[in-house]
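Below, chains carry the letters A, B, ... as their sequence lines are ordered, and counting in each starts from 1. Note that this is a predicted model, so its numbers are computed, not measured.
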Amino acid sequence: MKFAVQVNASPYHSNAGHAAYRFISAALAAGHEIFRVFFYHDGIYHAFKYASPPDDELQFSSQWSDLAKCYQVDLVVCISAAQRRGLLCSDESKRQGKLDDDLADGFRISGLGQLVEATLVSDRFVVFG
Amino acid sequence: MKRFLFVLRKPVHSGVYVQEILDIVLTTAAFDQSVSILLLDDGVFHLKNNQNPDCVGMKDTASIFKALEIYDVNDVYVEMESLQERGLTCGDLCLPVDSVYRKNIAELMKRFDVLVPG
(Lines give C-alpha, C1' and ligand atoms only; values in the text may rest on other atoms or scores of the structure.)
Protein backbone atom coordinates (compact mmCIF):
# COMPACT_ATOMS: atom_id res chain seq x y z
CA MET A 1 0.00 0.00 0.00
CA LYS A 2 1.13 3.54 -0.72
CA PHE A 3 1.09 5.99 2.21
CA ALA A 4 1.30 9.76 2.51
CA VAL A 5 2.22 10.91 6.02
CA GLN A 6 1.91 14.33 7.63
CA VAL A 7 3.79 15.24 10.82
CA ASN A 8 2.40 18.24 12.74
CA ALA A 9 4.01 18.03 16.19
CA SER A 10 7.47 19.15 17.22
CA PRO A 11 9.90 16.54 18.64
CA TYR A 12 9.49 17.66 22.24
CA HIS A 13 5.85 18.76 22.32
CA SER A 14 4.40 15.27 22.08
CA ASN A 15 5.18 11.74 21.04
CA ALA A 16 3.46 12.16 17.66
CA GLY A 17 6.62 12.71 15.64
CA HIS A 18 8.29 9.67 17.11
CA ALA A 19 5.12 7.63 16.54
CA ALA A 20 5.22 8.76 12.90
CA TYR A 21 8.83 7.63 12.60
CA ARG A 22 8.00 4.23 14.12
CA PHE A 23 4.94 3.84 11.88
CA ILE A 24 6.97 4.67 8.76
CA SER A 25 9.80 2.31 9.74
CA ALA A 26 7.32 -0.51 10.35
CA ALA A 27 5.45 0.17 7.10
CA LEU A 28 8.70 0.12 5.10
CA ALA A 29 9.84 -3.06 6.81
CA ALA A 30 6.52 -4.67 5.86
CA GLY A 31 7.07 -3.78 2.21
CA HIS A 32 4.74 -0.77 1.94
CA GLU A 33 5.65 2.40 0.11
CA ILE A 34 5.92 5.78 1.82
CA PHE A 35 5.30 8.20 -1.04
CA ARG A 36 6.14 11.29 1.02
CA VAL A 37 6.40 12.60 4.57
CA PHE A 38 5.22 16.19 4.86
CA PHE A 39 6.28 18.26 7.88
CA TYR A 40 3.80 21.01 8.76
CA HIS A 41 2.87 23.24 11.70
CA ASP A 42 5.41 22.64 14.52
CA GLY A 43 6.42 19.39 12.77
CA ILE A 44 9.01 21.43 10.88
CA TYR A 45 11.15 21.42 14.06
CA HIS A 46 12.13 17.84 13.14
CA ALA A 47 14.17 19.24 10.25
CA PHE A 48 16.54 21.49 12.20
CA LYS A 49 20.07 20.33 11.43
CA TYR A 50 21.68 21.70 14.56
CA ALA A 51 19.30 20.30 17.17
CA SER A 52 21.78 18.89 19.68
CA PRO A 53 20.11 16.75 22.32
CA PRO A 54 22.24 14.82 24.83
CA ASP A 55 23.78 11.62 23.41
CA ASP A 56 21.54 9.30 25.43
CA GLU A 57 18.31 10.80 24.00
CA LEU A 58 16.55 10.25 20.68
CA GLN A 59 18.25 12.12 17.84
CA PHE A 60 15.19 13.13 15.87
CA SER A 61 16.62 14.96 12.88
CA SER A 62 19.44 12.45 12.29
CA GLN A 63 16.96 9.56 12.59
CA TRP A 64 14.96 11.09 9.75
CA SER A 65 18.12 11.78 7.75
CA ASP A 66 19.14 8.12 8.11
CA LEU A 67 15.67 6.99 7.06
CA ALA A 68 15.85 9.17 3.94
CA LYS A 69 19.28 7.76 3.12
CA CYS A 70 18.36 4.08 3.63
CA TYR A 71 14.93 4.07 1.99
CA GLN A 72 14.99 7.19 -0.24
CA VAL A 73 11.93 8.50 1.63
CA ASP A 74 10.90 11.94 0.37
CA LEU A 75 10.95 14.24 3.43
CA VAL A 76 9.35 17.57 2.60
CA VAL A 77 9.18 20.59 4.89
CA CYS A 78 6.54 23.23 4.20
CA ILE A 79 8.26 26.45 3.20
CA SER A 80 5.79 28.86 4.79
CA ALA A 81 5.63 26.93 8.08
CA ALA A 82 9.45 26.74 8.10
CA GLN A 83 10.08 30.41 7.40
CA ARG A 84 7.56 31.43 10.07
CA ARG A 85 9.58 29.43 12.61
CA GLY A 86 13.04 30.48 11.47
CA LEU A 87 14.12 27.37 9.59
CA LEU A 88 15.93 28.56 6.47
CA CYS A 89 17.75 26.39 3.95
CA SER A 90 20.92 27.88 2.47
CA ASP A 91 19.24 29.01 -0.78
CA GLU A 92 16.47 30.84 1.02
CA SER A 93 18.76 32.44 3.57
CA LYS A 94 21.06 33.69 0.76
CA ARG A 95 18.03 35.21 -0.92
CA GLN A 96 17.22 37.00 2.33
CA GLY A 97 20.82 38.09 2.82
CA LYS A 98 21.33 35.78 5.80
CA LEU A 99 23.84 33.05 6.61
CA ASP A 100 21.62 30.23 7.93
CA ASP A 101 21.80 26.69 6.64
CA ASP A 102 19.39 24.96 9.02
CA LEU A 103 17.92 22.11 7.00
CA ALA A 104 19.07 18.63 8.04
CA ASP A 105 20.30 16.16 5.40
CA GLY A 106 17.63 14.25 3.53
CA PHE A 107 14.94 16.93 3.93
CA ARG A 108 13.87 19.32 1.22
CA ILE A 109 11.77 22.47 1.39
CA SER A 110 8.74 22.89 -0.79
CA GLY A 111 5.14 24.07 -0.83
CA LEU A 112 1.73 22.77 0.20
CA GLY A 113 1.09 21.51 -3.31
CA GLN A 114 3.44 18.64 -2.42
CA LEU A 115 1.13 17.65 0.41
CA VAL A 116 -1.98 17.72 -1.77
CA GLU A 117 -0.21 15.76 -4.52
CA ALA A 118 0.86 13.14 -1.95
CA THR A 119 -2.73 12.68 -0.73
CA LEU A 120 -3.93 12.32 -4.33
CA VAL A 121 -1.49 9.61 -5.42
CA SER A 122 -1.47 7.62 -2.14
CA ASP A 123 -3.91 4.96 -0.99
CA ARG A 124 -3.89 6.23 2.59
CA PHE A 125 -3.14 9.58 4.20
CA VAL A 126 -2.05 9.37 7.85
CA VAL A 127 -1.66 12.46 10.05
CA PHE A 128 0.40 12.51 13.26
CA GLY A 129 -0.04 15.30 15.81
CA MET B 1 -10.55 13.99 -8.02
CA LYS B 2 -10.86 13.09 -4.36
CA ARG B 3 -13.34 14.34 -1.78
CA PHE B 4 -11.63 16.05 1.17
CA LEU B 5 -13.18 16.79 4.56
CA PHE B 6 -11.25 19.11 6.88
CA VAL B 7 -12.29 18.63 10.49
CA LEU B 8 -11.55 21.70 12.63
CA ARG B 9 -11.86 21.29 16.39
CA LYS B 10 -9.67 23.97 17.95
CA PRO B 11 -10.96 27.38 19.05
CA VAL B 12 -10.28 30.61 17.20
CA HIS B 13 -6.78 32.06 17.57
CA SER B 14 -5.04 28.84 18.65
CA GLY B 15 -1.73 30.33 17.63
CA VAL B 16 -1.22 30.22 13.89
CA TYR B 17 -2.84 26.80 13.60
CA VAL B 18 -6.05 27.86 11.88
CA GLN B 19 -4.30 30.05 9.34
CA GLU B 20 -2.07 27.13 8.43
CA ILE B 21 -5.05 24.75 8.14
CA LEU B 22 -6.85 27.25 5.92
CA ASP B 23 -3.74 27.39 3.72
CA ILE B 24 -4.12 23.63 3.13
CA VAL B 25 -7.84 24.07 2.46
CA LEU B 26 -7.17 26.75 -0.16
CA THR B 27 -4.30 24.79 -1.76
CA THR B 28 -6.48 21.68 -2.00
CA ALA B 29 -9.27 23.71 -3.59
CA ALA B 30 -6.75 25.22 -6.02
CA PHE B 31 -5.95 21.64 -7.11
CA ASP B 32 -9.61 21.37 -8.21
CA GLN B 33 -10.49 18.86 -5.53
CA SER B 34 -13.84 18.67 -3.78
CA VAL B 35 -13.36 20.39 -0.42
CA SER B 36 -15.71 20.45 2.58
CA ILE B 37 -15.23 21.62 6.16
CA LEU B 38 -16.67 20.21 9.37
CA LEU B 39 -16.57 22.33 12.54
CA LEU B 40 -16.64 20.30 15.75
CA ASP B 41 -16.25 21.17 19.43
CA ASP B 42 -14.63 24.62 19.92
CA GLY B 43 -14.14 24.76 16.13
CA VAL B 44 -17.69 26.15 15.87
CA PHE B 45 -16.44 29.48 17.26
CA HIS B 46 -14.60 30.13 13.98
CA LEU B 47 -17.79 31.34 12.37
CA LYS B 48 -19.21 33.29 15.28
CA ASN B 49 -20.56 36.71 14.37
CA ASN B 50 -19.21 39.94 15.79
CA GLN B 51 -15.62 38.93 16.41
CA ASN B 52 -13.23 41.83 16.93
CA PRO B 53 -9.85 40.14 16.67
CA ASP B 54 -8.06 43.37 15.78
CA CYS B 55 -8.71 44.60 19.35
CA VAL B 56 -6.24 41.98 20.59
CA GLY B 57 -3.91 42.24 17.63
CA MET B 58 -5.07 38.99 16.01
CA LYS B 59 -5.93 38.25 12.39
CA ASP B 60 -9.56 38.06 11.32
CA THR B 61 -9.75 34.37 10.38
CA ALA B 62 -13.57 34.48 10.05
CA SER B 63 -13.06 36.63 6.95
CA ILE B 64 -10.96 33.85 5.37
CA PHE B 65 -13.86 31.44 5.89
CA LYS B 66 -16.15 33.93 4.17
CA ALA B 67 -13.75 33.99 1.20
CA LEU B 68 -13.86 30.18 0.80
CA GLU B 69 -16.84 30.46 -1.53
CA ILE B 70 -14.57 32.04 -4.14
CA TYR B 71 -12.56 28.81 -4.11
CA ASP B 72 -15.69 26.69 -4.54
CA VAL B 73 -15.61 25.52 -0.94
CA ASN B 74 -19.34 25.60 -0.41
CA ASP B 75 -20.02 22.80 2.02
CA VAL B 76 -19.46 23.85 5.61
CA TYR B 77 -20.88 21.43 8.17
CA VAL B 78 -21.34 22.21 11.85
CA GLU B 79 -22.12 19.68 14.55
CA MET B 80 -25.42 20.68 16.18
CA GLU B 81 -24.48 19.52 19.69
CA SER B 82 -21.20 21.48 19.58
CA LEU B 83 -23.21 24.64 18.92
CA GLN B 84 -25.78 23.86 21.61
CA GLU B 85 -23.19 23.03 24.26
CA ARG B 86 -21.68 26.48 23.70
CA GLY B 87 -24.97 28.38 23.76
CA LEU B 88 -24.88 29.08 20.02
CA THR B 89 -27.35 28.64 17.18
CA CYS B 90 -26.83 28.73 13.42
CA GLY B 91 -28.10 32.33 13.59
CA ASP B 92 -24.95 33.31 15.52
CA LEU B 93 -22.73 32.26 12.61
CA CYS B 94 -21.45 34.46 9.82
CA LEU B 95 -21.93 31.86 7.06
CA PRO B 96 -24.79 29.59 6.02
CA VAL B 97 -23.92 26.08 7.25
CA ASP B 98 -25.34 22.57 7.16
CA SER B 99 -25.96 21.43 10.73
CA VAL B 100 -25.40 17.74 11.42
CA TYR B 101 -26.36 15.81 14.54
CA ARG B 102 -23.60 13.97 16.39
CA LYS B 103 -25.13 10.60 15.63
CA ASN B 104 -24.77 11.31 11.90
CA ILE B 105 -21.15 12.53 11.91
CA ALA B 106 -19.62 9.09 11.23
CA GLU B 107 -21.98 8.63 8.29
CA LEU B 108 -21.01 12.06 6.95
CA MET B 109 -17.30 11.21 7.20
CA LYS B 110 -17.79 7.99 5.24
CA ARG B 111 -18.76 10.07 2.19
CA PHE B 112 -15.22 11.44 1.87
CA ASP B 113 -11.98 9.95 0.51
CA VAL B 114 -9.56 11.97 2.66
CA LEU B 115 -10.14 13.25 6.21
CA VAL B 116 -7.77 15.96 7.38
CA PRO B 117 -7.83 16.53 11.15
CA GLY B 118 -7.19 20.03 12.44
Neighbour count >12 (heavy atoms, 6.0 Å) for atom [atom1], [X]:
| X | atom1 | result |
| --- | --- | --- |
| A:Arg85 | CZ | yes |
| A:Arg124 | CZ | no |
| B:Glu85 | CD | yes |
| A:Glu57 | CD | yes |
| A:Arg22 | CZ | no |
| A:Asp55 | CG | no |
| B:Tyr71 | OH | no |

Would you compute the distance between atom [atom1] of [X] and atom [atom2] of [Y] and round it to the nearest 0.5 angstrom?
| X | Y | atom1 | atom2 | value |
| --- | --- | --- | --- | --- |
| A:Ser80 | B:Gln19 | OG | CD | 10.5 Å |
| A:Leu112 | B:Thr28 | CG | OG1 | 8.0 Å |
| A:Tyr40 | B:Asp23 | OH | CG | 4.5 Å |
| B:Glu20 | A:Asn8 | CD | CG | 9.0 Å |
| A:Thr119 | B:Asp113 | OG1 | CG | 10.0 Å |

Minimal heavy-atom distance between A:Leu120 and B:Phe31, with the atoms involved, is CD1-CD2, 4.3 Å

Least distance between heavy atoms, B:Thr27 atom then A:Gly113 atom: CG2-N, 3.8 Å

Just do the side-chain contact (heavy atoms from CB on, under 4.5 Å) check on A:Phe125 and B:Val116 with the steps written out, would you? CA-CA 9 Å; A:Phe125 173 49; B:Val116 186; 3.9 Å; yes

What part of A:Arg84 gets closer than 4.5 Å to chain B, counting heavy atoms only: side chain, backbone, both or neither?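 Only the side chain of A:Arg84 comes within 4.5 Å of chain B.
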
Chain A heavy atoms under 4.5 Å from B:Leu26: which part of the residue, side chain, backbone, both or neither? neither

